[in-house]
Amino acid sequence: MKADVVIVGAGAAGIGAGITLAEAGKQVILLEKGDKFGGAGMFGAQGLFAVESSQQKAVGSSFTLKQAYQELIGYTHYRSNTALTKAILSKSASTIDWLSDHGLKTELVKNTQEVHQDHPKVYHQYIDKFAGFDRLMASFKAHGGQLLLQTAGVEIIREQDQIAGIKVVQNKHEFMITCSAVIVADGGFIGNHELVNKHLTINPENLYSMGERKATGDGIKMLAQLGADTRHLGVFENHAASVISPHDSKWHNSTIFTLTNLPFLWIDQSGKRFVDESVCYDFALWGNITYTIGGAYYFILDQALVDELSDQALEWTDSFERTFVSLAHKPMTHKVGPFPQIDVDLEEAIAKGAGFKAEDLAELATKLHMSQKILMQTVDRYNTQIEQKEDFDFYKPTKFMRFSVKQGPFYAIKARSTSLGTIGGIETNDQMDVLKADKKPVKGTFVAGNNASGMYDTSYPTLEGISCAFAWNSGRIAGESAIKLLNEGSESYYG
Ligand SMILES: Cc1cc2nc3c(=O)[nH]c(=O)nc-3n(C[C@H](O)[C@H](O)[C@H](O)COP(=O)(O)OP(=O)(O)OC[C@H]3O[C@@H](n4cnc5c(N)ncnc54)[C@H](O)[C@@H]3O)c2cc1C
């Protein structure tokens, strides 16, 4: 088998690169390890960031490329790749129209998180997502691209400083595809427990991954063998926090899900309060603080609160409401509950190993393996602040300083650090060339999406849809760079 370029991974980054190459008339083979294409950008994500898009212009948005760039670089404190960031943002507007031309339409919606409502709109939500991805793939094929499902890239073959091809495995059968360039876009390594544990700075038990399980670091491994710089791998896309059952991975309880998304009292594993809990209205910051304190905390309810929630609606917003509402085009309620079954739901959480119940705080501390003294001090201090309606520790807004924790039994529900994937990868530049530690290129190779580092510092930023924007735009850029390399030759391309 032969191609100009082989792309490893058919997620957003790989498809972005594939269509770019195919529409330029290059022979391109897109490898997908699984039996479906699309990756996390299709199965998980709902949309992508862009700035100065035609849709933003049509509604008179004044948000500029310059503002977006400065916001992002400010967020990362210049610990990100400035040229790469600029390249991704600069391309983001055209990518919205380009995706639409190839069959995946989007609509500019209100930002999907509560705290971003005053920020200019940037989230371009997919319309008819699955059919849209099918149309993208049809466009890829109509332009001559070839998709090989259930085919994994395993080794890039280089001969005398040139790419000679890539070894692939299809139904346990190994063969080589001859090509002159490879784009590695297989989604990072969140599906590789060994590699994840090596780079995590929290107890692995506290990590709940929602990321692509097939992203097992194959591409990173292949590029490392060619000398690529892998020193920036340890960045996780922390996103909110999740309550899970350690022994039933399918367990979901909608009452517990909603309670997790509200700013009640949260305590860390030592029994101390650690944050203004209304951080739950920003998923990246919520995810970051959860990771920072060791990957797990408990939210605490007392019986008086449980009784109130069982028969009265609470005029607080579920932090995920806006996400679901914007998808369904429904009006916001800014209310939760009542939860008439809350007792049953809490008992279920306890039976599933996600929650704990105790008659008094001393017993609760014992069950949570923390100091009774610390827990009691935390609760006393919190109750005093509730009475005064002022959070002088972490400045939670007064509106949320409402429920003291006094009347047993007490409930503690464990929330864990949640990751959408790994977003630290191979060192690259604004052309998505694979770089070695000395910044010299591994000639003929490119990275895209979650395989590439440089866009993020230690976490993913709060600009909504930026990781999908990175996947699509870095994929398109990698495709364009490969075209340039093929058209101009190695000497001219690398200078
Ligand atoms: C639940 C969820 C919700 C999200 N929501 C959003 C959102 O709304 N907005 C946003 O911006 N971002 C969101 N993200 C993040 C975003 O989806 C990802 O950052 C982005 O899709 C990554 O794209 P990718 O192409 O780099 O990787 P992936 O989507 O992971 O694609 C990689 C592909 O490579 C394949 N592969 C792996 N190994 C091999 C191999 N050896 N050979 C061949 N193929 C291989 C995998 O099977 C996979 O299909 C979300 C992520 C998740 C998990």
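One-based numbering, in listed order, for ligands and for the atoms of each.
- Checking side-chain atoms of D430 against main-chain N and O of L84 turns up no donor-acceptor pair under 3.5 Å.
- The shortest contact between atom 1 (C) of ligand 1 and any protein heavy atom is with G44 CA, 3.6 Å.
- Set against the non-hydrogen atoms of A471, the atoms of ligand 1 under 4.0 Å away are 23 (O).
- Close N/O approach between N451 and ligand 1 is not found [any backbone or side-chain N/O within under 3.5 Å].
- Close contacts between ligand 1 and G449 involve ligand atoms 26 (O) [criterion: under 4.0 Å to a heavy atom].
- There is no side-chain donor-acceptor pair under 3.5 Å between W286 and Q113.
- In this structure, D97 CG and S54 OG are separated by 3.5 Å, a value rounded to the nearest 0.5 Å.
- Considering both main-chain and side-chain atoms, K36 never comes within under 3.5 Å of ligand 1 through any nitrogen or oxygen pair.
- Residue D186 touches ligand 1 through backbone and side chain together, judged by heavy-atom distances below 4.0 Å.
- Of the protein's non-hydrogen atoms, L420 CD2, 3.8 Å is the one closest to atom 52 (C) of ligand 1.
- Contact annotation: L48 has no heavy atom less than 4.0 Å from any atom of ligand 1.
- Here E212 has side-chain heavy atoms under 4.0 Å from ligand 1, and that is the only part of it that gets that close.
- Aromatic rings of Y281 and H116 (six-membered ring for Trp) have centroids beyond the 6.0 Å cut-off, not under it.
- Note: an N/O pair closer than 3.5 Å links A13 and ligand 1 by distance alone.
- Near L31, the atoms of ligand 1 lying under 4.0 angstrom from a non-hydrogen atom of the residue are 43 (C), 44 (N).
- Taking only nitrogen or oxygen atoms, main chain and side chain alike, G14 does not reach within less than 3.5 Å of ligand 1.
- Ring-plane geometry between F133 and Y126 is classed as perpendicular, the angle between the planes exceeding 60 degrees on a 0 to 90 degree scale with a lower cut at 30.
- Residue-ligand proximity: I423 is placed with every non-hydrogen atom at 4.0 Å or more from ligand 1.
- With respect to the salt-bridge test (charged N to carboxylate O, under 4.0 angstrom), the residues K26 and D4 do not qualify.
- Of the protein's heavy atoms, G11 CA, 3.4 Å lies nearest to atom 31 (O) of ligand 1.
- Atoms CG and CD, on D438 and E427 in that order, are 11.0 Å from each other to the nearest 0.5 Å.
- Closest approach of R416 and N206 over heavy atoms only: CB-O, 3.2 Å.
- Each of the following atoms of ligand 1 lies closer than 4.0 Å to a heavy atom of I466: 11 (O).
- Note: Y297 and F274 have tilted aromatic rings, judged against thresholds of 30 and 60 degrees for the angle between ring planes.
- Using cut-offs of 30° and 60° for the angle between ring planes, the F257 and H252 rings count as tilted.
- The backbone of T151, and not its side chain, has at least one atom closer than 4.0 Å to an atom of ligand 1 (non-hydrogen atoms only; backbone = N, CA, C, O).
- Against a heavy-atom cut-off of under 4.0 Å, V8 is close to the following atoms of ligand 1: 40 (C), 42 (N), 43 (C).
- Considering backbone and side-chain atoms alike, T216 places every N or O at 3.5 Å or more from each N or O of ligand 1.
- Nearest protein heavy-atom neighbour of atom 7 (C) of ligand 1: A45 CB, 3.5 Å.
- Contact atoms of ligand 1 toward A185: 32 (C), 34 (O) (distance under 4.0 Å to a heavy atom of the residue).
- Between D186 and K214 no salt bridge is recorded (no basic side-chain N to carboxylate O distance below 4.0 Å).
- The single protein non-hydrogen atom nearest to atom 27 (O) of ligand 1 is G187 CA, 3.3 Å, given as residue, atom name and distance.
- Considering CG of L148 and CG of L31, their distance stands at 6.0 Å, rounded to 0.5 Å.
- Note on ring orientation: taking the six-membered ring where Trp is involved, the planes of F446 and Y493 are perpendicular (angle over 60°, cut-offs 30° and 60°).
- Remark: minimum distance from atom 44 (N) of ligand 1 to any protein heavy atom is reached at K33 N, 3.0 Å.
- The N/O atoms of A12, backbone and side chain alike, include one that comes under 3.5 Å of an N/O atom in ligand 1.
- Atoms of ligand 1 lying under 4.0 Å from any heavy atom of G41, numbered from 1 in the order shown and given with element: 17 (O), 21 (O), 29 (O).
- Checking only distances, M210 never comes within under 3.5 Å of ligand 1, N or O to N or O.
- For A40, a nitrogen or oxygen atom sits less than 3.5 Å from a nitrogen or oxygen atom of ligand 1, counting backbone and side chain alike.
- Below 3.5 Å of separation, one finds an N or O of G153 facing an N or O of ligand 1.
- In this structure, G421 does not count as a contact residue of ligand 1, since none of its heavy atoms falls inside 4.0 Å of the ligand.
- If you check which protein heavy atom lies closest to atom 9 (N) of ligand 1, you get G47 O, 3.1 Å.
- Contact atoms of ligand 1 toward A152: 41 (N), 42 (N), 43 (C) (distance under 4.0 Å to a heavy atom of the residue).
- Within the 3.5 Å criterion, the main-chain N or O of A50 finds a donor-acceptor partner in the side chain of Q56.
- Residue Y123 places a heavy atom less than 4.0 Å from ligand 1.
- In terms of protein heavy-atom proximity, atom 16 (C) of ligand 1 is closest to C468 SG, 3.8 Å.
- The aromatic rings of F236 and F189 lie perpendicular to each other, with more than 60° between the two planes, well past the 30° mark.
- Counting only heavy atoms from C-beta outward, the side chains of Q146 and V28 never approach each other to under 4.5 Å.
- Of the listed residues (K121, Q46, Q125, H124), just one forms a side chain to side chain contact (heavy atoms under 4.5 Å, CB included) with V109, and that residue is Q125.
- Under the 3.5 Å distance criterion, with hydrogens and angles disregarded, a donor-acceptor pair is assigned to the side chains of S467 and E237.
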